[in-house]
Protein chains: 2
Amino acid sequence: MNTHKIILLAHGSSDKHWRDTFEALAEPTLNAISNSSIAYMELAEPSLDTVIHEGIAEGVRDFRVVPLFLAAGRHLRKDVPAMIEALEKSTGASINLSPPIGESPLLGQAIKEVVELHLGHETEK
Amino acid sequence: MNTHKIILLAHGSSDKHWRDTFEALAEPTLNAISNSSIAYMELAEPSLDTVIHEGIAEGVRDFRVVPLFLAAGRHLRKDVPAMIEALEKSTGASINLSPPIGESPLLGQAIKEVVELHLGHETEK
C-alpha cells in the first residue's frame with residue numbers, strides 16, 4: 001500500500017477543451033509517477049476534495065499538491081491553502097503544497113523551446 | 001531593421017511577485033530570440049497595445065503573439081483575438097496568434113521533470 005500521493009492541481013473549467021489541455025499536460029507525470037492524480041480547484045471533477053478523500057480511503061496519509069499554474073495569484077496564496085487547511089483538519093492527513101510549476105527554471109527553458117519551434121515552422125512555410 | 005517581432009503575452013496582474021514570475025519565465029526566450037518582448041493582456045504594463053505601437057514605431061510590420069497561458073480559456077478564445085483584430089485594423093500591421101504554450105507536449109515533459117525534482121528533494125530530507 002502506497003501511503004504517499006502526488007496531486008497535480010489545475011484551476012478547473014467547465015470547458016472540455018480546457019480540461020483536455022490540462023489532462024495532456026499532466027499525462028507524462030501521471031505515467032511516470034505511481035500514485036499520482038490530477039485534481040481541479042473548482043468548476044470540474046475530480047475536485048481536490050474528491051481526490052484527497054479517495055486517497056484516504058486507499059490508505060494515503062501524505063499528500064503533495066503541485067499546482068499546474070504558471071504563477072501564484074490569489075488562488076494559490078489564499079484559496080488553495082484554506083482548502084488544504086480545512087482538509088487537513090477534517091481528515092487528519094498531511095497535505096503539502098508545492099510552489100506553482102511556473103516558478104521552476106525548467107518551465108522557462110521549455111517555453112523558449114516552444115517559441116523556437118513556432119519560429120522554425122514559420123520559416124518552413 | 002527587423003520587421004518581425006515575437007511577443008510573449010501573459011495575463012497580467014497588479015501583484016509584483018506574479019509579474020516577476022512571468023518575467024523569469026520569459027527571460028530564456030527573450031535572451032535567445034532577437035526582437036522579442038513580454039506584454040500583458042491587462043492589469044500591467046507594457047500592455048499588448050504599448051508593445052505593438054512601439055514595434056510599429058521601430059518599423060515592425062509582422063508580429064507573432066505567443067500566449068504564456070497553459071490552456072485557452074475565454075481570454076484566448078475571445079478577448080485576445082478581439083484585441084488583435086482591433087490593433088490590426090488601427091495599425092495595418094499583421095499580428096498572428098499562436099496556440100498557448102501549454103498545448104505543446106514540451107510543457108508536459110517539463111512539468112514531469114519539475115515534479116520529479118520536488119520528489120527527489122523530498123527523499124533527500
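A note on names: the letters A, B, ... follow the listed sequences, proteins ahead of strands, and every chain is numbered from 1. What's counted below: heavy atoms across the whole structure, side chains too, no hydrogens, waters or symmetry copies. Everything numeric here is computed off the predicted structure, so don't read it as measured data.
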_Donor-acceptor pair, side chain of Asn35(A) and main chain of His4(A), under 3.5 angstrom_ = yes
_Testing the basics here: between Met41(A) and Met83(A), what is the closest heavy-atom pair and its distance to 0.1 Å?_
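So the two residues come closest at O-CE, 3.8 Å.
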*Arg77(A), part contacting chain B, at a heavy-atom distance under 4.5 Å*: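 Only the side chain of Arg77(A) comes within 4.5 Å of chain B.
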*Check each atom of Val66(A) against the heavy atoms of chain B and say whether the ones under 4.5 Å are side chain, backbone, both or neither.*
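Only the side chain of Val66(A) comes within 4.5 Å of chain B.
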*Other residues, nucleotides, ligands: >12 heavy atoms within 6.0 Å of Glu85(A) CD*: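 Count not over threshold, so no.
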*Just checking heavy atoms, which of residues 9-20 of chain A are less than 4.5 Å from chain B?*
Asp15(A), His17(A), Trp18(A)
*What parts of residues 86-95 of chain A touch chain B if we use heavy atoms and a cut-off under 4.5 Å?*
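Hits under 4.5 Å: none found.
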Atom [atom1] of [X] and atom [atom2] of [Y]: how far apart are they, to the nearest 0.5 Å?
X: Ile56(A); Y: Lys5(A); atom1: CD1; atom2: NZ; value: 11.0 Å
X: Leu8(B); Y: Tyr40(B); atom1: CG; atom2: OH; value: 10.0 Å
X: Lys112(B); Y: Ile101(A); atom1: NZ; atom2: CD1; value: 14.5 Å
X: Ile7(B); Y: Leu97(B); atom1: CD1; atom2: CG; value: 10.5 Å
X: Leu119(B); Y: Ile6(A); atom1: CG; atom2: CD1; value: 4.0 Å
X: Asn96(B); Y: His118(A); atom1: CG; atom2: NE2; value: 11.5 Å

_Is any side-chain heavy atom of Thr3(A) closer than 4.5 Å to one of Asp62(A)?_
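Asp62(A) vs Thr3(A): side chains apart.
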_Please determine whether residues Leu76(A) and Leu43(A) belong to a single hydrophobic cluster, defined as Ile, Leu, Val, Met, Phe, Trp and Tyr linked transitively by side-chain heavy-atom distances below 4.5 Å._
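Leu76(A) does not cluster with Leu43(A).
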*Name, in order of residue number, those residues of residues 44-54 of chain B that have a heavy atom at a distance of less than 4.5 Å from a heavy atom in chain A; otherwise write 'none'.*
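If one takes a 4.5 Å heavy-atom cut-off, no residue of residues 44-54 of chain B lies near chain A.
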*Interface residues of residues 21-34 of chain B facing chain A - heavy atom cut-off under 4.5 Å*: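 Expected list: Thr21(B), Phe22(B), Leu25(B), Pro28(B), Thr29(B), Ala32(B), Ile33(B).
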*Winner by heavy-atom pair count (cut-off under 4.5 Å) against chain A, out of Ser104(B), Gly73(B), Ala71(B), Ser36(B)*: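 Top option by heavy-atom pairs under 4.5 Å: Ala71(B).
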*asked:* Report which part of Pro99(B) has an atom under 4.5 Å of a heavy atom belonging to chain A: side chain, backbone, both, or neither.
replied: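 For Pro99(B), the contact with chain A is made by backbone and side chain together.
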